[in-house]
Amino acid sequence: MRNFSQIKRIVVKIGTNTLKGESGINSALIVDIARQVKKLHEMGFEVLLVSSGAIGMGAGRLGLSSKVKSIKMRQACAAIGQPLLMYEYSKAFEIYNIVISQVLLTAWVMDNRTSYLNLRNAVEKLLSLGSVPIINENDSISTDEIQSAFGDNDRLSALVASKVDADLLVMLSDIDRLYTKDPRKHKDAEPLKIVEQLTDEHRRYAGESGSEFATGGMKTKLDAIKIASDSDCRVIITSGKLENVLLKIIDGEDIGTLFMPRRKLGSKARWILNTTPAGRIELDEGAMKAVKNHKSLLPKGIVSVDGVFEEGSVVSLSGKAKAVTTMSSDEISSLIGKHSSEIRKVLGSERKDVVALPEDIVFDESRN
Ligand SMILES: Nc1ncnc2c1ncn2[C@@H]1O[C@H](COP(=O)(O)OP(=O)(O)O)[C@@H](O)[C@H]1O
Ligand SMILES: N[C@@H](CCC(=O)OP(=O)(O)O)C(=O)O
């Protein structure tokens with residue numbers, strides 16, 4: 001039996017395939033999720049949902065049966081499908097007297113420090129009111145999200161779990177566990193019950209998505225797990241169709257694949273690590289060694305700057321770490337190779353005399 005006695009806050013991600021019924025949405029499954037969430041509330045847990053399905057629902061309403069590839073059509077499908085999706089949730093949760101709320105996010109919201117912090121305030125308030133926030137990407141305005149790697153709700157659910165300090169992220173999919181190969185294609189694929197530490201070998205197991213409207217597949221789930229595991233959040237991947245799946249998980253039953261966390265980074269460090277870098281700074285060997293040893297980044301160790309960014313942006317340090325810079329790209333360019341004492345002469349006495357402070361530099365362990 002697994003011991004989940006320390007768990008209080010749970011994020012449940014429901015994938016498109018899980019929500020899909022024979023024709024349109026699987027309303028019975030949503031009612032069943034609502035029933036389980038009610039029980040979890042009664043047991044003292046807080047629950048947030050990250051729900052996919054807007055594009056699939058919209059496509060269904062328009063009578064489209066194959067994958068919608070055009071970005072504009074996907075935007076339109078999301079705009080049509082999102083209210084239909086919320087209508088289903090609203091009806092289902094009303095049966096159990098639970099007020100739901102909708103939070104639509106974009107990559108920009110997550111990358112911007114202020115709106116990222118606002119998100120937490122909004123979610124905390126909703127949870128304190130007993131509401132179940134239902135979160136999705138704002139796909140009709142964030143076209144990047146629809147097409148790019150950020151466009152999957154696996155990553156979004158892990159970012160949300162990290163932001164709200166969830167103890168457990170449950171990814172409900174159409175597959176019961178992670179297998180050593182895609183079990184739909186390989187009969188000899190073997191299921192995994194627990195992954196203590198995610199490695200490249202696990203990533204090699206993962207194939208693409210299993211259907212037309214889902215975007216992620218196992219690959220994006222495993223990438224997402226890395227994000228959650230930096231915030232001490234456990235992740236379970238399992239099938240949304242298992243009876244009483246959420247209640248059994250909380251009961252410690254051996255369901256799905258459990259991924260153990262690897263570390264608990266501070267909230268700001270997590271935001272830095274999960275933000276899309278606005279540019280890249282190349283460091284020489286000495287500077288890289290210094291920042292690894294928790295020293296500030298100084299201009300004399302910088303070789304080049306790529307991209308245009310403002311002071312306060314998150315940038316990549318030679319692809320090995322991320323940092324918040326105290327200077328814009330132009331300012332750094334003008335100071336490359338110079339001694340720190342030159343900084344204030346060039347930028348003014350009120351400015352910091354380093355490019356990044358040690359507490360604003362975070363290493364992605366897997367790249368070292
Ligand atoms: N190693 C693997 N183990 C389990 N499933 C895998 C693996 N590789 C690929 N998959 C596929 O990933 C699919 C689940 O991802 P996806 O289709 O994106 O669903 P969701 O809508 O839940 O996000 C499974 O149906 C399966 O075909
Ligand atoms: N935001 C999109 C999510 C698409 C997506 O990530 O689907 P899935 O891989 O099933 O979680 C939607 O609502 O259709």
Side-chain angles (χ1 to χ4, degrees), residues 12-20 25-26 29 49-61 64 67-68 71 73-86 88-89 102-107 134-160 169-193 195 198 201-225 236-241 245 256-257 259:
V12 180
K13 185 253 169 177
I14 314 178
T16 306
N17 295 335
T18 309
L19 287 167
K20 223 165 80 185
I25 198 147
N26 186 344
L29 181 126
L49 298 185
V50 173
S51 178
S52 303
I55 297 173
M57 284 284 284
R61 178 54 64 94
L64 309 170
K67 189 175 177 94
V68 184
I71 296 179
M73 192 52 132
R74 287 173 75 82
Q75 286 174 261
C77 285
I80 291 167
Q82 182 65 24
L84 300 175
L85 192 63
M86 290 308 288
E88 291 290 337
Y89 279 110
Q102 172 181 263
V103 181
L104 294 178
L105 298 174
T106 62
I134 301 184
I135 300 162
N136 196 0
E137 280 193 44
N138 198 348
D139 295 312
S140 38
I141 59 155
S142 46
T143 55
D144 267 350
E145 279 87 321
I146 292 179
Q147 279 281 298
S148 76
F150 191 79
D152 67 84
N153 277 2
D154 297 326
R155 181 171 160 80
L156 179 66
S157 66
L159 288 170
V160 167
L169 166 61
V170 179
M171 292 188 175
L172 295 180
S173 184
D174 60 349
I175 199 89
D176 61 338
R177 292 186 203 262
L178 169 69
Y179 286 74
T180 51
K181 298 171 187 170
D182 185 345
R184 296 189 197 284
K185 295 183 186 145
H186 306 272
K187 290 242 164 349
D188 59 340
E190 286 174 28
L192 277 79
K193 288 188 176 176
V195 173
L198 198 62
E201 189 175 354
H202 297 114
R203 288 193 190 89
R204 280 193 289 275
Y205 298 162
E208 307 296 340
S209 164
S211 84
E212 333 62 75
F213 297 114
T215 54
M218 259 315 139
K219 276 200 172 74
T220 54
K221 289 187 194 356
L222 297 188
D223 289 344
I225 285 159
I236 289 180
I237 294 182
T238 192
S239 165
K241 304 222 162 108
V245 59
T257 306
F259 297 83

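Counting begins at 1 with the first residue of the sequence. Both ligands and their constituent atoms are indexed starting at 1 by order of listing.
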Should Lys241 and Asp174 be marked as a salt bridge (charged side-chain N to carboxylate O under 4.0 Å, His left out) after you check the CA-CA gap, both sets of side-chain angles, and the distance that decides it? CA-CA 7 Å; Lys241 304 222 162 108; Asp174 60 349; over 6 Å; no
So among Ile236, Val50, Leu172, which one has a side-chain contact (heavy atoms from CB on, under 4.5 Å) with Val12? Leu172
Close-contact set for ligand 2 against Thr16 heavy atoms, below 4.0 Å: 7 (O), 8 (P), 10 (O)
Going by the 4.0 angstrom heavy-atom rule, the piece of Arg184 near ligand 1 is side chain
Within the 4.0 Å heavy-atom cut-off, what Ser52 brings close to ligand 1 is neither
So for ligand 2, is Asp139 a polar contact partner (N or O within less than 3.5 Å, distance only)? yes
Which ligand 1 atoms, with their elements, are less than 4.0 angstrom from a heavy-atom of Gly15? 20 (P), 21 (O), 22 (O)
Compare all side-chain heavy atoms of Leu19 with those of Leu85 and state whether any distance is below 4.5 angstrom. yes
I'd like to know whether ligand 1 has Met171 as a neighbour, heavy-atom separation below 4.0 Å. no
Using a strict cut-off of 4.0 Å, indicate which atoms of ligand 1 neighbour a heavy atom of Asn17. 16 (P), 17 (O), 19 (O), 21 (O)
Can you tell me which portion of Asn153 lies within the under-4.0 Å heavy-atom range of ligand 2? Options are side chain, backbone, both, or neither. both
Exercise: identify the closest heavy-atom pair between Leu105 and Leu156: CD1-CD1, 3.9 Å
Hey, is Gly53 one of the residues with a heavy atom under 4.0 angstrom from ligand 2? yes
Which atoms form the tightest heavy-atom contact between Tyr89 and Ser51, and what is the distance? OH-OG, 2.8 Å
Enumerated ligand 2 atoms positioned under 4.0 Å from heavy atoms of Asp152: 6 (O)
Under 4.0 Å from a heavy atom of Tyr179: give me the atoms of ligand 1 that qualify, with their elements. 1 (N), 2 (C), 3 (N), 4 (C)
Which one holds for Lys13 and ligand 1: side chain close, backbone close, both close, or neither close, with close meaning a heavy atom under 4.0 Å? side chain
Heteroatom proximity flag, Ser52 to ligand 2, N/O under 3.5 Å: yes
For Asp188 and Lys181, the nearest pair of non-hydrogen atoms, with its separation, is OD2-NZ, 2.8 Å
Test your reading of the model: is there a side-chain donor-acceptor pair from Arg155 to the backbone of Ala224, 3.5 Å cut-off? no
Thr238 side-chain N/O to Asp176 backbone N/O, donor-acceptor pair under 3.5 Å: yes
Closest heavy-atom contact between Ala54 and Ala78? CB-O, 3.9 Å
Polar contact flag for Ala54 and ligand 2 (N/O pairs, less than 3.5 Å): yes
Nearest atoms (heavy-atom pairs only) where Met171 meets Leu169: CE-CD2, 3.8 Å
For Pro183, atoms of ligand 1 separated by under 4.0 Å from a heavy atom: 2 (C), 3 (N), 4 (C), 5 (N), 6 (C)
Using a 3.5 Å distance criterion without hydrogens, assess whether the side chain of Thr18 forms a donor-acceptor pair with backbone atoms of Gly240. no
Would a distance-only check, ignoring hydrogens and angles, find a side-chain to backbone donor-acceptor pair under 3.5 Å from Arg74 to Val68? yes
Which of the ligand 1 atoms, numbered from 1, are nearer than 4.0 Å to a heavy atom of Thr16: 21 (O)
At a 4.0 Å threshold, what atoms of ligand 2 neighbour a non-hydrogen atom of Gly15? 10 (O), 11 (O)
Which ligand 1 atoms are under 4.0 Å away from a heavy-atom of Arg177? 4 (C)
So, for Arg177 and Met218, which heavy atoms are closest and what is the spacing to 0.1 Å? O-CE, 4.4 Å
Lys221: heavy atom below 4.0 Å from ligand 1, yes or no? yes
Numbering as shown, the atoms of ligand 2 that approach Lys13 to under 4.0 Å (heavy-atom distance): 8 (P), 11 (O)
Backbone or side-chain N or O of Glu137 under 3.5 Å from ligand 2 N or O: no
